[in-house]
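Just follow the structure's listing: the first ligand is 1, and inside any ligand the first atom is 1. Model, not experiment: these values are computed from the prediction.
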Amino acid sequence: MKKIGIITALITFFTSVSLANEVNIFSARHYDSDIQLYEKFTVKTGIKVNVVSGKDKALQKRIKEEGKDCIADLYITADAGRLGAFQAEGMFQRGASSAAIKKAVPSNFRTAYWTGIAKRARIIYYSPERVNANDLKGMTYEDLADPKWKGRIVIRQSNNVYNQSLVASLIQNNGKKKTAEWAKGLVKNMARDSKGNDRAQILAVAAGEADLAVANTYYLALMLSGKKGAEQQAAAKKVKPFFPNQDGRGTHMNISGGGVLKYAPNKSNAIKLLEFLLTKEAQEHIVNNTFEYPMIDDVKPHNLVSKMGLGFKQDLKTKVSSYGKKQADALEVMLAASWK
Ligand SMILES: [Fe+2]
């Protein structure tokens, strides 16, 4: 009995020691470069990083089902709507309001529960062969419903969260009723039933199947980089980026971000990791690997991203926390418009 007691005590001791020196990330981001970044954090702090990668739904399900027993400290994903909706379910604790995080991240890109780590813009791409750049001057997301674009637009499906966040931002700014009308107009303008990922929309414009596409900024840079092959690189050169709503609130911005989970066993390490991700060193690593925009001011985006347009007006007025709050409404208006 005594022996077992000692062994138990030893196990408890070593478990608590290891807990104190690690952090467990549940990540829905699919970048190998994130792993290298976590290794840098370990070298710097001695805190071991364990990563569980998966799809958002599966990760969220596990975190909810395991509750207090879940090892997860941080949930990291690539959409503010997902973070906001998870927060609404009470899954985070106030872990994103440290002085360092507040200092690094503009208030519209964070809440007390989660913070943006990198930014992405959801923009319009056009075919310079079939669309005169002058005709786009002053164009807004709202204008995507203009009948002059009938049969000319491609955008992915309504089940895609990036689209849900974009539509949520329209509801936040224009109301649900107006946005419901807008969604109907946009669906009428679609060149085809929505299908494929963001790169597939850019490819459709390059192939002449549509004149306008909606997709996130980093996808064009990724294609231009050649990492997706010579064919996609050539296709990317056939389209041009356009940043909407420049005369108004600015271009729709989304984030990759993370929050400290309610039952995080290693809360302080989780906050340390979030703070590390917002340092110049980490931000440079992120933008040069994922082609996202940096969250902090003194880091420049990747050259391919800068070339797309640097000084554009970002929507800093619409809080990204509104995307989660309006997510259900967004999906409702999209489905009501028969957006596939
Ligand atoms: Fe993406």
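None of the N, O or S atoms belonging to Asn216 lies under 2.8 Å away from the Fe ion (ligand 1). Put simply, Asn197 stays out of reach of the Fe ion (ligand 1), with no N, O or S atom under 2.8 Å from it.
Taking the six-membered ring where the residue is Trp, Trp339 and Trp182 present tilted rings, their angle falling between 30° and 60°.
No side-chain heavy atom of Met139 sits less than 4.5 Å from a side-chain heavy atom of Tyr126. Side chains of Asn163 and Arg122 form a contact here, defined as non-hydrogen atoms less than 4.5 Å apart. Counting heavy atoms from C-beta on, the side chains of Val49 and Ile25 come closer than 4.5 Å.
Centred on the Fe ion (ligand 1), the angle running from Tyr219 (OH) to Tyr218 (OH) is recorded as 110°, rounding to 10°.
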